[in-house]
Amino acid sequence: MIQSSELILNPDGSVYHLNLRPEHIAHDIIFVGDQNRVEKITQFFDSIEYSTQKREFKTQTGIYKGKRISVMSTGIGPDNIDIVINELDALVNIDLETRQPKEELTSLNIIRIGTSGSLQENIPVDSFVLSKFGLGLDNMLRSYLIDNVSITEMEDAFVQHTNWDPKKGKPYVTACSEKLEKLIESDRIHKGITATAGGFYGPQGRVLRLNIQDEELNNKMDNFSFNDTKITNLEMETAAIYGLSALLGHNALSLNAIIANRASGTFSSDPYKAVDELIAYTLDKLAAR
C-alpha cells in the first residue's frame with residue numbers, strides 16, 4: 001500500500017498537483033509548457049468536456065474529430081515534469097482508493113508541442129523538429145534507476161566530447177517512442193537530439209552577472225555528433241519526459257516548431273503560423289489512429 005505521504009490526494013480524491021481524477025484524462029495527451037497555450041490547441045476541438053487548473057498545471061479534455069484528447073500545461077523544467085508524469089501515471093496505474101498499483105497497466109501516449117531555436121544551419125525556420133533522443137543535462141532522472149532506459153554509449157561520447165565536469169552529475173540520454181515516431185514522421189520533420197537543461201540562464205550558457213562553469217559548452221554541443229545524429233535544439237523538458245515515460249511504460253514524443261536559427265541568425269516572419277501548423281498536423285495524426 002502506498003502511504004498518504006507518498007501519494008497525496010486532495011479532499012475530492014484528485015491527485016495533489018494536477019487536480020485530476022482518473023476519469024478526467026484521455027489516454028492521448030498533449031503537453032505544452034505555458035498554461036496559456038492549452039487553449040491554443042483546444043480551440044481546434046469539436047467539444048471540451050472537462051477543464052481545470054491548479055497553479056501552472058492547466059488541463060482540458062475534449063473531442064477532436066472523434067478522438068478523445070487531453071491537453072495539459074506542465075510549466076517549466078524537469079522538476080515539473082517529475083510531478084506531471086508521476087501523477088499522470090498514478091491516475092491510470094494506481095487504484096487511488098486502495099492505494100495499490102493495478103495488475104493491468106495502461107500506457108499513455110504523450111506528445112509535447114513546443115517552440116525552439118535550431119542549433120544547426122540545415123534546419124530552417126518554420127520547419128518541425130522531432131526529438132529522436134533527449135539528452136538530459138539536469139540530473140533529475142538520476143534520482144531513479146535508469147540503466148534499462150538510458151543510452152550509455154551516447155552519454156559517454158558526450159561526456160568525452162565536452163570534457164564534462166563530473167561534479168555536475170553525468171548527463172543521461174533516453175530515446176523517444178518508436179510507435180509515436182512512426183505515427184508523426186514526415187518529410188517536413190527533422191530529427192535529432194534535444195538537449196534538456198535544468199535552468200534557463202547559466203545551464204543554457206547565458207551570462208548576466210554570474211560566471212558559468214563552461215563558457216564553451218554551447219559551442220561543444222553544436223559540434224557534437226553521435227552516429228551522424230546532432231543536437232538540434234536546447235530546452236528544459238524533453239529528456240525528463242522521455243526518461244520517466246520509458247521507466248513507467250508510457251509512449252512519449254517531443255515536437256518543436258523551429259522559429260529561430262541560431263547558426264544562420266534568422267527568425268521566422270510568422271512564428272504563430274508555424275506553431276498552428278504543427279498543432280493541426282499533430283492533432284490530425286492522433287485523430288487518425
Side-chain angles (χ1 to χ4, degrees), residues 14 18-53 57-75 81 84-85 87-89 91-93 104-116 126-132 176-191 194 237-238 241-242 245 248-259 268 270-289:
S14 61
L18 301 185
N19 205 38
L20 295 167
R21 294 195 302 271
E23 65 269 22
H24 294 153
I25 63 166
H27 289 176
D28 293 296
I29 302 174
I30 294 175
F31 281 177
V32 294
D34 185 351
Q35 59 200 20
N36 294 321
R37 289 183 183 172
V38 171
E39 292 180 351
K40 291 183 182 297
I41 296 178
T42 59
Q43 67 177 330
F44 295 98
F45 282 17
D46 303 313
S47 62
I48 295 174
E49 67 182 60
Y50 185 76
S51 181
T52 190
Q53 180 171 355
F57 306 113
K58 180 174 183 176
T59 302
Q60 289 190 331
T61 296
I63 303 296
Y64 176 80
K65 294 184 178 180
K67 187 74 171 182
R68 190 169 185 253
I69 300 172
S70 294
V71 183
M72 175 181 296
S73 61
T74 65
I81 297 302
V84 172
I85 297 287
E87 291 195 1
L88 281 176
D89 181 75
L91 287 172
V92 295
N93 289 324
E104 185 174 340
L105 300 179
T106 296
S107 293
L108 299 171
N109 297 311
I110 298 167
I111 298 180
R112 179 184 184 272
I113 295 179
T115 59
S116 185
D126 300 327
S127 63
F128 303 153
V129 162
L130 183 158
S131 304
K132 178 76 173 177
C176 72
S177 160
E178 292 183 2
K179 169 188 169 183
L180 293 181
E181 179 186 5
K182 291 177 182 177
L183 175 71
I184 295 295
E185 62 186 355
S186 77
D187 293 340
R188 186 174 178 179
I189 292 179
H190 300 261
K191 298 180 183 180
T194 293
E237 290 84 30
T238 293
I241 293 171
Y242 282 8
S245 295
L248 290 166
H250 303 298
N251 300 299
L253 191 70
S254 181
L255 302 170
N256 275 278
I258 298 301
I259 62 174
S268 174
D270 191 353
Y272 298 108
K273 181 174 181 288
V275 174
D276 284 347
E277 288 178 352
L278 179 57
I279 291 170
Y281 177 84
T282 304
L283 286 173
D284 285 341
K285 287 292 187 179
L286 283 175
R289 287 179 60 247

Derivation and outcome, salt bridge (Lys or Arg N to Asp or Glu O under 4.0 Å), residues D276 and K40:
CA-CA 8 Å; D276 284 347; K40 291 183 182 297; over 6 Å; no
Nearest 0.5 Å, what's the [atom1]-[atom2] distance between [X] and [Y]?
{"X": "E181", "Y": "L253", "atom1": "CD", "atom2": "CG", "result": "7.5 Å"}
{"X": "I279", "Y": "L255", "atom1": "CD1", "atom2": "CG", "result": "11.0 Å"}
{"X": "I259", "Y": "T115", "atom1": "CD1", "atom2": "OG1", "result": "4.5 Å"}
{"X": "E185", "Y": "H190", "atom1": "CD", "atom2": "NE2", "result": "13.5 Å"}
{"X": "S70", "Y": "L108", "atom1": "OG", "atom2": "CG", "result": "9.0 Å"}
{"X": "F45", "Y": "R68", "atom1": "CZ", "atom2": "CZ", "result": "10.5 Å"}

Apply side-chain contact (heavy atoms from CB on, under 4.5 Å) to V32 and M72, showing your working.
CA-CA 6 Å; V32 294; M72 175 181 296; over 6 Å; no
Tell me every residue that passes side chain to side chain donor-acceptor pair (under 3.5 Å) with [X], counting only those two or more places apart in sequence or in another chain.
{"X": "S254", "result": "T238"}
{"X": "S127", "result": "none"}
{"X": "S51", "result": "Q60"}
{"X": "D126", "result": "S268"}

As a quick check of understanding, evaluate side-chain contact (heavy atoms from CB on, under 4.5 Å) for F57 and T52, giving each step before the final call.
CA-CA 8 Å; F57 306 113; T52 190; over 6 Å; no
Nearest heavy-atom pair of [X] and [Y]: which atoms, and what distance?
{"X": "C176", "Y": "L130", "value": "SG-CD2, 4.3 Å"}
{"X": "L278", "Y": "A257", "value": "CD2-N, 3.4 Å"}
{"X": "S107", "Y": "G249", "value": "OG-O, 2.6 Å"}

Any side-chain donor paired with an acceptor under 3.5 Å for D89 and H250?
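Judged by distance alone, the side chains do pair up.
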Does a donor on one side chain and an acceptor on the other come within less than 3.5 Å for S177 and N251?
yes
Whether over 12 other heavy atoms sit under 6.0 Å from K191 NZ
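Count over threshold, so yes.
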Less than 4.5 Å apart, side chain to side chain, heavy atoms only: is that true for [X] and [Y]?
{"X": "I48", "Y": "T61", "answer": "no"}
{"X": "S73", "Y": "F31", "answer": "no"}
{"X": "L283", "Y": "Y281", "answer": "no"}
{"X": "T59", "Y": "V71", "answer": "no"}
{"X": "I85", "Y": "I110", "answer": "yes"}

[X] side chain to [Y] backbone, donor-acceptor under 3.5 Å:
{"X": "N93", "Y": "T106", "answer": "yes"}
{"X": "R37", "Y": "I113", "answer": "no"}
{"X": "E87", "Y": "L18", "answer": "yes"}
{"X": "Y64", "Y": "S47", "answer": "no"}
{"X": "D34", "Y": "N36", "answer": "yes"}

Check the pair N109, K179 against side-chain contact (heavy atoms from CB on, under 4.5 Å), reporting the backbone distance first and the verdict last.
CA-CA 9 Å; N109 297 311; K179 169 188 169 183; 3.3 Å; yes
Can a salt bridge be assigned to the pair D28 and R289 using a cut-off of 4.0 Å between side-chain N and carboxylate O?
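Salt bridge flag = yes for R289 with D28.
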Excluding sequence neighbours, so at least two apart, what forms salt bridge (Lys or Arg N to Asp or Glu O under 4.0 Å) with E178?
none
Walk me through it: do L286 and I69 pass the test side-chain contact (heavy atoms from CB on, under 4.5 Å)?
CA-CA 9 Å; L286 283 175; I69 300 172; 4.2 Å; yes
Pairing residues for Y50 by the ring-ring contact (aromatic ring centres under 6.0 Å, His included) criterion, not counting sequence neighbours:
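Once residues adjacent in sequence are excluded, the partners of Y50 under the ring-ring contact (aromatic ring centres under 6.0 Å, His included) criterion are H24.
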